[in-house]
Structures are given as C-alpha cells and as structure tokens.
*Asks:* 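Sharing a structure with you now.
Counting convention: from 1, in listed order, for ligands and their atoms alike. Both backbone and side-chain heavy atoms feed into the values below; hydrogens, waters and symmetry mates do not. None of the values given here were measured: they were computed from a predicted structure.
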Amino acid sequence: MPLESLIISLDPESKNINVLLVHLDEQEKKQCIKVTEDGLRWLQANYEQFVPLDDYVTLLSGSAPAFVKVNERATLLKLNPLSIEQQPLEEQISAVAIKPLPCQLTEAMSFKLRCNHCNLDLVSQRSFSCIRPVPKHSMQPNKVFFSENMRPLYPSQLYYGLNFIVVNACVLDSGYKRCNERIHCNRCLQQLGELLQFQPSALLFVDTICISNIRHLDLRMRKYIECPLQRLFRPLSATQLLLRLLQNATPNGPDQLRIFLKTVDEYGQLQYMLLRVDNRLRHLLRPKLSHSERRELLKEKNKALEQATQLMHVINVKSLLARCIRYNYFRNDEQLSAHDEMIQEWRKVGIPMLRIAHDMMMTLNRELQSNMYWVPELEHPLPAKTDGRLSYIIYSKN
Ligand SMILES: [Zn+2]
C-alpha cells in the first residue's frame, strides 16, 4: 500500500529526525523501508517510492531506524543522521520577516469613521496628511510613543498598528463617551478604544469602526471620486499575525513565550485565546505538490530487458518553518466561566491582553486546527503536559 502522506521534522540541535508515515501497511513497513545516504526508499514488488533528502541531511546507508507505532494508520520513524545541512535552514529563517501592514487608507483619501454597531459618526468627513504605521511593531502604543519621546499627535496625523489606529482626540465628534480612560460609543456603548497617556491622543480598535464615504482625490481632475472600501487592512495571513504577536509576547522561562489574545465577535461575545509558543523554530519537510516518476536500472544484469528497470516514484520535499504552540481557545460564556481560574492567573502575572479583530482570531484558529492532528505524533517525545491543544503555525511566504 503506498504512502498517503509523509511529514519529516528535523532538529539540528539534537541531530534527530522524526518521519511520520501515514498509511503504511503494518506488515510490510519494516521489510520495505530502506535508508540510503541520499534519502528514504519504500520498496514494494515492482514499485518504489523515494524521498531524496540529500539537500538537508546525510543518512547512514543501511541503518535501521527505530519504529514507533502511532496508530493504525501512522508510524513514526526515528533516525539519527550523520549530519544536518545548516545552510538551507538558515536561509529559510532569514527569509521569514514581518511585512508592512496592508493598510488601504492613503493621504489622498477623505473618509468618515463610524461605529460599526450602530453607524454613529465618530470622525466627520476628513483627510489626514500623514498616515503611517506606528514606529515599532507594538500593540501597546502607550509605551512606544512615550519611549520615542514623541509629541502629541497633530490632528492631521493618523498612526496605525495591528487592529488599532491612533489619532488626536480632537478629531473625534461628540459620538463618544469617556469612562476613565476608555472610549465608548455614545449610542450603543460598545468600547471603541482608549485615551492614551500622551493625551489628547486616542486609540481606536479597528474592529469596532467602519470606514465610510470614501473619496479619493484625483489630482488630474482636481476633485474627489467616490471609491468602495470597507476595511482598513486587507486580510493578514496566520504567519504575519503570529510574527507581529510575537513582538508583543511575554517570556515564560527560557523556552516559551506567552500571548494573551482577546476579541469580541459580531454578536458581542467575548473570546480569549491563550498561546504558549515554543521559542525554538521547527524545521519540517513536506512533499511538494508535484511528484515525478523515473525508471532506474536494476543491478541484476541477468534479468530480461523489460524487467531490468524499476518504476520509481520520487517524492520531492520542501522545507518549511513552524512554531509549536500549545493553546486554549475560549469562545463562549460557558468556556470562559469554566476556565476562569486559568484566565485570572494569566492576568495576575501581568501578561498584556492584546485585542485583535475576530477575523484575525479565526485565521489563527483555522491554522492551529488544521495542523493539530499530526503534531502530537511528530513532537515525540511529547513536551511536558499542560492544559490546551498542541499544534503548529507553519510559516508561509504570504
Ligand atoms: Zn455604536
């Protein structure tokens, strides 16, 4: 029975590789797997599958791997390669970087800001002559603006970060209500943001506001043209979200970071996600979508010509970076109440609660859910047991 799937985890520190083989026939697996210097081979009758690994590791030809049965459908193969190539792995690490936020607002636009619940105007039709990202990848602009010794913002300035904008509070209409430092909508009372320490600046959560009456200045015609635009940012990938969130993570010992996420869904339901992110990056090898087949000469010369070649199915792999994450996602009042002790403990130790948009939370949850089924098997032996599910976020270029 051919392989259905294959995932390889490389650990350059411990010089181990774990190979998860899905749907390998139980009876045949030990007899049919061969380790050669350049990769792994599965031999079955006149058919062979070959995974070239020589770009990443050098294996000891003929070595006997250790088998660990995972379940009826999967087997884990543990190998000790002679060496692991560092260069392709290092190249990949340097290729992963935070990209600029895909902000759709420009200085050539005029627009209104409204409460997204009740449509109350918060900022009247206007343009900003300076629209820029906050100077650091921070979700706590209070700290950034103070540390940079920045002056209070001019009314013509608008700064933005992940799920927030910062403006001078004087541009806000009377549609807001102040409760200590918090800013609420005057009509529906949802929290829209907060006043910052360097007043009169105000932070508004992007997921509580909508942009309307957008007009784009056409310089040639010297007039504003209506243009459709609903969102401040184009959607972000799970990779870009995680890279930004890691900039705001709190260390938890030498090996782990903690991130405390909050969101409010469209029905007003509060949700939390608690992430414990492993500091060490994982290197994974997974099959490329395109495979190739080739015929290889058999060594036995006395075989008939038509039998002297063997069909070989080559499974080329690509290298990916991943973060191992243990996480809890509490999405309704029952779950929040059942895990109140854990939530309070995270609050007590001072982990900042970072508010993200609900669609961002969904993006993270989708990625974690889609990877969680095989991660516990690859992470062998399993890390120390704590609450939550174990998964990866696999870095993509988008
Ligand atoms: Zn409102």
Side-chain angles (χ1 to χ4, degrees), residues 101-106 109-128 131 134 139-142 152-153 155-216 224 226-236 241 260-273 330-333 336 352-363:
L101 281 172
C103 181
Q104 306 209 68
L105 297 181
T106 69
M109 282 180 181
S110 151
F111 51 88
K112 272 186 181 184
L113 294 178
R114 288 177 164 165
C115 167
N116 69 354
H117 265 189
C118 67
N119 249 353
L120 185 68
D121 280 357
L122 301 169
V123 174
S124 308
Q125 189 81 28
R126 61 169 297 133
S127 58
F128 292 86
I131 297 180
V134 286
M139 293 181 71
Q140 297 170 284
N142 254 330
L153 300 189
S156 58
Q157 292 176 306
L158 182 153
Y159 280 88
Y160 59 86
L162 188 65
N163 199 38
F164 68 83
I165 59 169
V166 178
V167 291
N168 187 308
C170 78
V171 304
L172 297 176
D173 293 343
S174 55
Y176 80 95
K177 182 179 181 137
R178 188 176 163 180
C179 178
N180 297 323
E181 299 309 309
R182 295 198 290 186
I183 298 169
H184 293 262
C185 171
N186 218 356
R187 187 187 284 164
C188 71
L189 299 181
Q190 80 153 325
Q191 189 186 349
L192 302 167
E194 55 200 44
L195 288 166
L196 299 186
Q197 285 166 312
F198 55 101
Q199 287 179 31
S201 301
L203 175 149
L204 297 176
F205 304 124
V206 169
D207 62 319
T208 66
I209 55 178
C210 58
I211 305 153
S212 66
N213 290 50
I214 301 137
R215 293 172 195 160
H216 193 274
Y224 280 98
E226 296 278 340
C227 66
L229 175 67
Q230 301 296 325
R231 310 172 62 136
L232 185 68
F233 304 129
R234 290 192 299 277
L236 292 163
L241 283 170
F260 192 171
L261 297 179
K262 169 188 175 177
T263 195
V264 178
D265 75 8
E266 57 186 316
Y267 305 107
Q269 173 67 56
L270 176 67
Q271 300 183 347
Y272 289 138
M273 188 182 274
F330 308 131
R331 62 178 85 196
N332 57 45
D333 289 341
L336 289 169
M353 198 186 289
L354 308 173
R355 175 164 177 150
I356 58 172
H358 187 241
D359 63 334
M360 294 175 179
M361 192 79 105
M362 293 290 95
T363 301

*Asks:* Is any side-chain heavy atom of L113 less than 4.5 Å from a side-chain heavy atom of V171?
*Replies:* no
*Asks:* Given side chains that start at C-beta, do those of R234 and Q104 come closer than 4.5 Å, heavy atoms only?
*Replies:* yes
*Asks:* Grab the two heavy atoms, one from C185 and one from L120, that are nearest each other, plus how far apart they are.
*Replies:* SG-CD2, 3.9 Å
*Asks:* Below 2.8 Å, which protein N, O or S atoms neighbour the Zn ion (ligand 1), ignoring water?
*Replies:* C115 SG, C118 SG, C185 SG, C188 SG
*Asks:* Going by the salt bridge (charged side-chain N to carboxylate O under 4.0 Å, His left out) test, which pairs reach into residues 202-213, not counting sequence neighbours?
*Replies:* D207-R355
*Asks:* Using a 4.5 Å cut-off on heavy atoms from C-beta on, say whether the side chain of F128 contacts that of L105.
*Replies:* no
*Asks:* Quick one: does any side-chain atom of N213 pair with a main-chain N or O of K112 as donor and acceptor, under 3.5 Å?
*Replies:* no
